[in-house]
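Have a look at the structure below before the remarks.
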Amino acid sequence: TAEPEVRMVNGKPKKVRKPRTIYSSFQLAALQRRFQNTQYLALPERAELAASLGLTQTQVKIWFQNKRSKLKKIMKNGELPPEHSPSTSDPMACNSPQSPAVWDSQGPQRPHHQPQNIITPTSPFLESASSSWYSTT
């Protein structure tokens, strides 16, 4: 691992950043296609994709990280990303209104780790059942 190049700016040391990667339209199309199939790449898949596109594995890894982050931000804002919205040229596209997302934040919030059918100690049913349980024995 080589030491990053350091330059003095206003008397303070500052790391020199690599220039921003400019992807060709072919590389972007291939990355987009692969992202639509899977949002996470295993190491061998990343190596294969990077080699086939003439990119480094780090460039592919960062592109996927940035794309997942952007998708998460779009979904959080309630928007549908362009690659997931039906287009008029898509023969499989449906003209019916879009159904609400299952993960919509407007719905009731429940902890993901606790199933609904478990009775918690704060339940009135449990308190009355446990007190009657102990009083009959």
Side-chain angles (χ1 to χ4, degrees):
T1 56
E3 288 291 319
E5 187 181 333
V6 176
R7 185 180 1 171
M8 298 300 282
V9 177
N10 293 333
K12 298 179 183 176
K14 192 155 179 111
K15 291 180 186 175
V16 177
R17 289 179 51 177
K18 285 182 64 175
R20 183 181 174 125
T21 302
I22 307 298
Y23 298 97
S24 70
S25 55
F26 171 77
Q27 290 169 329
L28 284 173
L31 289 164
Q32 292 277 8
R33 268 194 314 274
R34 192 60 170 267
F35 186 81
Q36 286 180 347
N37 291 337
T38 179
Q39 293 183 12
Y40 293 88
L41 293 178
L43 212 71
E45 294 172 319
R46 187 172 72 204
E48 175 267 326
L49 183 60
S52 70
L53 296 177
L55 298 169
T56 66
Q57 289 188 44
T58 303
Q59 287 171 318
V60 172
K61 180 183 83 169
I62 298 299
W63 188 91
F64 268 75
Q65 285 176 346
N66 290 340
K67 186 69 174 175
R68 284 191 302 267
S69 177
K70 185 176 181 180
L71 181 62
K72 184 178 176 183
K73 183 178 176 183
I74 288 171
M75 298 301 273
K76 182 180 172 187
N77 291 336
E79 302 168 20
L80 196 60
E83 61 268 12
H84 295 302
S85 61
S87 66
T88 53
S89 62
D90 185 0
M92 300 300 285
C94 170
N95 291 331
S96 64
Q98 183 182 355
S99 60
V102 175
W103 57 87
D104 193 3
S105 61
Q106 271 43 351
Q109 297 293 321
R110 291 190 307 267
H112 294 289
H113 62 279
Q114 186 176 12
Q116 284 182 338
N117 59 353
I118 301 267
I119 300 171
T120 61
T122 59
S123 167
F125 172 77
L126 182 61
E127 290 169 4
S128 63
S130 64
S131 61
S132 64
W133 172 267
Y134 290 114
S135 61
T136 58
T137 55

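- Distance check: Lys61 NZ to Leu49 CG gives 14.5 Å after rounding to the nearest 0.5 Å.
- Scanning all heavy atoms of the two residues, the minimum distance from Leu43 to Gln57 falls at O-OE1, 4.4 Å.
- Of all heavy-atom pairs between Pro13 and Val6, the closest is CB-CG1, 3.6 Å.
- For the atom pair Thr58 OG1 and Arg46 CZ, the distance stands at 7.0 Å (nearest 0.5 Å).
- Aromatic pair Tyr40/Phe64: ring centres not closer than 6.0 Å.
- Side-chain contact, Gln32 with Lys67: a donor N or O sits under 3.5 Å from an acceptor N or O.
- Annotation: the span from Leu55 atom CG to Gln27 atom CD amounts to 4.0 Å, rounded to 0.5 Å.
- A chain of hydrophobic side-chain contacts below 4.5 Å, direct or via other Ile, Leu, Val, Met, Phe, Trp or Tyr residues, connects Phe26 to Leu28.
- Looking only at distances, a side-chain donor or acceptor of Arg68 sits under 3.5 Å from a matching main-chain atom of Gln39.
- The same ILVMFWY cluster, assembled from side-chain heavy atoms under 4.5 Å apart, contains both Phe35 and Tyr23.
- Atom CD of Gln59 is separated from atom CG of Leu53 by 10.0 Å, given to the nearest 0.5 angstrom.
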